[in-house]
Protein chains: 2
Amino acid sequence: MNIQAIKYDSNGLVPAIVQDEATGTVLMLAYMNAESLRKTLEAGVTWFYSRSRRTLWQKGETSGHVQTVKEMYYDCDADTLLIKVNQTGAACHEGTFSCFSRRLDSASGQAEKLVDPEKVYKEP
Amino acid sequence: MNIQAIKYDSNGLVPAIVQDEATGTVLMLAYMNAESLRKTLEAGVTWFYSRSRRTLWQKGETSGHVQTVKEMYYDCDADTLLIKVNQTGAACHEGTFSCFSRRLDSASGQAEKLVDPEKVYKEP
């Protein structure tokens, strides 16, 4: 375990890329502080720090769409995490499997929704 | 093209996850400002902004390990990019295909080096 190696930014955060292990799909980017990283390692499911709400949150706590951690990596600068997970349901609050459903380099539309977000999430 | 949709942070930057299209391997995370994003879209190869050197840099300019852009996505918050590329050689300056070669959750060692970084990079 090399948790001491991780370098946090001036806000005490490190970006975490979440990738679905089975499909290789990049699901989302979220931020962790030291406490959420510790909770993730202890619980085996992802915990993040919300910069807007200034609180820890467990992914899937409301929706049931938890991310079970399979493998965790950090990069050569030790300032970014890569977390390979088993994604239950959809990673995105918009109902798509991945949060990256919008093409930047074309006029094409969005990815198909796996679930109806209004049915899964109580809060907007 | 939805380049106007992208939301930059207080430093004018947006994190960009780079993924090898063929293998699904997450290669690196780097940062773009508006100019490097424009150059990436124009040139079809990745350009980033170095936070430490405070300058634009083209990935592979020194090493030859350029990243040819295949597809670009942005996430539901429009504050993170996902760039699928064709990676020439190794993405990491340490000689590994991916910068994410260190396991956080085990005592196992690093990934195999594809190239000798001392032979590829002139500068440290």
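Every chain is numbered from 1, with letters handed out A, B, ... down the list of sequences.
- Atom CG of D79(B) is separated from atom CG of L29(A) by 8.0 Å, given to the nearest 0.5 angstrom.
- In terms of heavy-atom proximity, S101(A) sits nearest to Y73(B) at C-CD2, 4.5 Å.
- Atom-to-atom distance recorded for S98(A):OG and D75(B):CG is 8.5 Å, nearest 0.5 angstrom.
- When heavy atoms are compared at a cutoff of 4.5 Å, K84(A) does not approach chain B at all.
- Of all heavy-atom pairs spanning H93(B) and C76(A), the tightest one is CE1-SG, 3.6 Å.
- Taken to the nearest 0.5 Å, the CG atom of L104(A) stands 7.0 Å off from the OH atom of Y74(B).
- Side-chain heavy atoms closer than 4.5 Å link hydrophobic residues (I, L, V, M, F, W, Y) into clusters, and following such links, even through other members, never connects V66(A) to W57(A).
- Listed options A78(A), C99(A), C92(A) were ranked by heavy-atom pairs under 4.5 angstrom with chain B; first place goes to C99(A).
- Only the side chain of Q19(A) comes within contact range of chain B, judged by heavy atoms closer than 4.5 Å.
- When heavy atoms are compared at a cutoff of 4.5 Å, I83(A) does not approach chain B at all.
- Using a 4.0 Å cut-off between a side-chain N of Lys or Arg and a carboxylate O of Asp or Glu, D77(B) and R51(A) do not qualify as a salt bridge.
- Atom CZ of F100(B) is separated from atom CE of M72(A) by 11.5 Å, given to the nearest 0.5 angstrom.
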